[in-house]
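Note that the structure is predicted; figures quoted are calculated from it, not measured.
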Amino acid sequence: MSMETQEIAAAIKQAVEANKAELLELSHTIHEMPELSFEEYETAALVEDFLEQHGFAVERGTYDMPTAFTATYGSGPFNAVICAEYDALPDVGHACGHNVIATMSLGAALALQPLADELGLTVTVQGTPAEEHGGGKAILIERGAWEDATISLMAHGAPGTYDIACENTSSRSVDRFDITYKGLAAHADAYPAKGVNTMSAATIALTAIGLLRQQMADDVHINSYISHGGSATNIIPDTTVVRIEVRSTANEELERCVDMVMRCFEAGAVATGCTWTKQRAEPRYEALHQDPALSQAWDAGLRGTGRVVDGTIEAGGGSTDMGNVSQVVPAIHPAIAILGSSASQHTYQFAKDAMTPAADQTCLDGAVALAQTVATAATGDNRERFLEQQRSREPGSTKIPAGME
């Protein structure tokens, strides 16, 4: 006799509670050893060992990525791919709370483990490096990591005093480029007329981009920094490199704005006599598409923990390579509040907030809601719809090139 919905929900909560001490210890340990994108060697090993000790079959360094892994349990046709992020930021460590993300994902996997046979599940934890910078998921997509996925999901900690409905949250697409100007070095005082100043080219370009904002939609954001612009005040620099990113919720608008921004960089070259080249710095992060059925299941699962979910407001901002996943398989990437935190993400204060009792509760509630989302999707009317979507995909259709031309 199949399990009833209430029995499943109770079993999930019981499993998360039973693993509570280990999960929170894991979150704290990850927080204390921040590692940057593609350098998460110790963290990946820690998470891999954790899953292996709990009976998952773990493949390390999957898809030719040393800090990626694929851990599976069960053999059912419904393959729920739960993503685990664990990279940190320069200087501010886990100021995006990826220790909370990884812990929620692992907690959900452990909660689904005893239900896998009953629900016809394969529970997959996909370790996804380099979310902050590098587009790890985009590269994994190109290499086939979601070819066998039925659905995919994860959740992201955020500041707040309540939770926002999943479908009301969004992220922007982002393109990042390195622009390199080449000119001619000269003594800045003795022979300035002999130089071709690449910093002047960059200054013209960035000024033009500032003026260009009037012609851009309100949701377009542009950020930049000069990663190399000379080494001494008395030398006209012959090389300047600008890292620039353009974000938008709509791909067409993103492409239009990238084209206009590149014309500004060309103008800097024309005005100063420099040459210039552009190179994509990392794969494009696509905008999120929150699957409606999974979104509703997440909201219900979150309410089941006693949290308040507000469906009347919308929130967006930032970018994530989970957006790329959402373009190839049914997926969600909801936000879940670290209740009481008012800090902006990517700051020292939010890094501190990701290590509080409130963050611990977020880990546990998020694990329950993720597991409940999978259980809801794998049962009832939704199950066949998701499986049919998977069967109807053309082989190789999820292997989207990362676009690092």
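Tested against Glu85 for a side chain to side chain contact (heavy atoms under 4.5 Å, CB included), the candidates Val100, Asn99, Thr128 yield a single pass: Thr128. When each of Glu48, Arg60, Glu40 is paired with Thr67, the side-chain hydrogen bond (donor to acceptor under 3.5 Å, both in side chains) condition holds for Glu40 and for no other. Checked options Arg243, Lys278, Arg280; the residue passing with Asp178 is Arg243 (criterion: salt bridge (charged side-chain N to carboxylate O under 4.0 Å, His left out)).
Judged purely by distance below 3.5 Å, without hydrogens or angles, the side chains of Ser295 and Glu167 never pair a donor atom with an acceptor atom. With hydrogens and angles left out, the side-chain atoms of Asn324 and Glu286 include no donor and acceptor closer than 3.5 Å. Side-chain atoms of Asp353 and Gln349 include a donor-acceptor pair closer than 3.5 Å. In the model, Glu59 has no side-chain atom that pairs as donor or acceptor with a side-chain atom of Thr70 under 3.5 Å. With hydrogens and angles left out, the side-chain atoms of Thr169 and Gln290 include a donor and acceptor closer than 3.5 Å. A donor-acceptor contact closer than 3.5 angstrom links the side chains of Thr398 and Glu147.
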Side chains of residues 108-116: which donor-acceptor partners sit under 3.5 Å, not counting sequence neighbours?
from: Gln113; atom 1: NE2; to: His54; atom 2: O; distance (Å): 2.6

When the side chains of residues 149-161 are checked against the rest of the protein, which donor-acceptor pairs come out under 3.5 Å, sequence neighbours left out?
from: Thr150; atom 1: OG1; to: Asn79; atom 2: N; distance (Å): 2.8
from: Thr150; atom 1: OG1; to: Gln390; atom 2: OE1; distance (Å): 2.4
from: Ser152; atom 1: OG; to: Val81; atom 2: O; distance (Å): 3.0
from: Ser152; atom 1: OG; to: Trp146; atom 2: NE1; distance (Å): 3.0

Mind listing the side-chain donor-acceptor pairs of residues 196-217 below 3.5 Å, one per line with the distance, residues two or more places apart or on another chain?
from: Asn197; atom 1: OD1; to: Met199; atom 2: N; distance (Å): 2.9
from: Asn197; atom 1: OD1; to: Ser200; atom 2: N; distance (Å): 3.2
from: Thr198; atom 1: OG1; to: Pro237; atom 2: O; distance (Å): 2.9
from: Thr198; atom 1: OG1; to: Thr239; atom 2: N; distance (Å): 3.4
from: Thr198; atom 1: OG1; to: Thr240; atom 2: N; distance (Å): 3.4
from: Thr198; atom 1: OG1; to: Thr240; atom 2: OG1; distance (Å): 2.7
from: Thr203; atom 1: OG1; to: Met199; atom 2: O; distance (Å): 2.8
from: Thr207; atom 1: OG1; to: Thr203; atom 2: O; distance (Å): 2.7
from: Arg213; atom 1: NH2; to: Ile222; atom 2: O; distance (Å): 3.2

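Within the 3.5 Å criterion, the main-chain N or O of Ile101 finds a donor-acceptor partner in the side chain of Ser105. Without hydrogens or angle criteria, Ser319 side chain to Arg172 main chain gives a donor-acceptor distance under 3.5 Å. Judged by distance alone, with hydrogens and angles left aside, the side-chain atoms of His98 form a donor-acceptor pair with the main-chain N or O of Asp87 at under 3.5 Å. Side chain of Lys13 to main chain of Gly304: a donor-acceptor pair is present (N/O by atom type, distance under 3.5 Å, no hydrogens or angles).
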Run the numbers on Asp365 and Arg307 for salt bridge (Lys or Arg N to Asp or Glu O under 4.0 Å), then give the verdict. CA-CA 9 Å; Asp365 291 344; Arg307 285 179 169 249; 2.9 Å; yes
Intermediate values then yes/no, salt bridge (Lys or Arg N to Asp or Glu O under 4.0 Å), Arg247 and Glu245: CA-CA 7 Å; Arg247 300 182 192 242; Glu245 67 175 29; 2.8 Å; yes
Please walk me through it: do His28 and Asp360 pass side chain to side chain donor-acceptor pair (under 3.5 Å)? CA-CA 9 Å; His28 298 169; Asp360 290 347; 2.9 Å; yes
Report the C-alpha distance between Asp381 and Arg385 in whole Å, list the side-chain angles of each, state the deciding distance to 0.1 Å, and finish with yes or no for salt bridge (Lys or Arg N to Asp or Glu O under 4.0 Å). CA-CA 7 Å; Asp381 296 338; Arg385 180 174 70 83; over 6 Å; no
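We find that Arg391 and Glu388 are joined by a salt bridge, their nearest charged nitrogen and carboxylate oxygen being less than 4.0 Å apart.
Considering only heavy atoms from C-beta on, Val92 stays 4.5 Å or farther from Thr347 through its side chain. Side-chain contact between Arg256 and Asp259: absent, with no pair of heavy atoms (C-beta onward) separated by less than 4.5 Å.
Residues satisfying the ring-ring contact (aromatic ring centres under 6.0 Å, His included) test with Phe350, not counting sequence neighbours, are none. In this view, Glu255 and Arg284 satisfy the salt bridge (charged side-chain N to carboxylate O under 4.0 Å, His left out) rule, not counting sequence neighbours. Contacts of Phe56 classified as ring-ring contact (aromatic ring centres under 6.0 Å, His included), with partners at least two apart in sequence or in another chain: Tyr73.
Tyr285 carries Arg176 over the face of its six-membered ring, with the cationic atom under 6.0 Å from the centre and within 45° of the normal.
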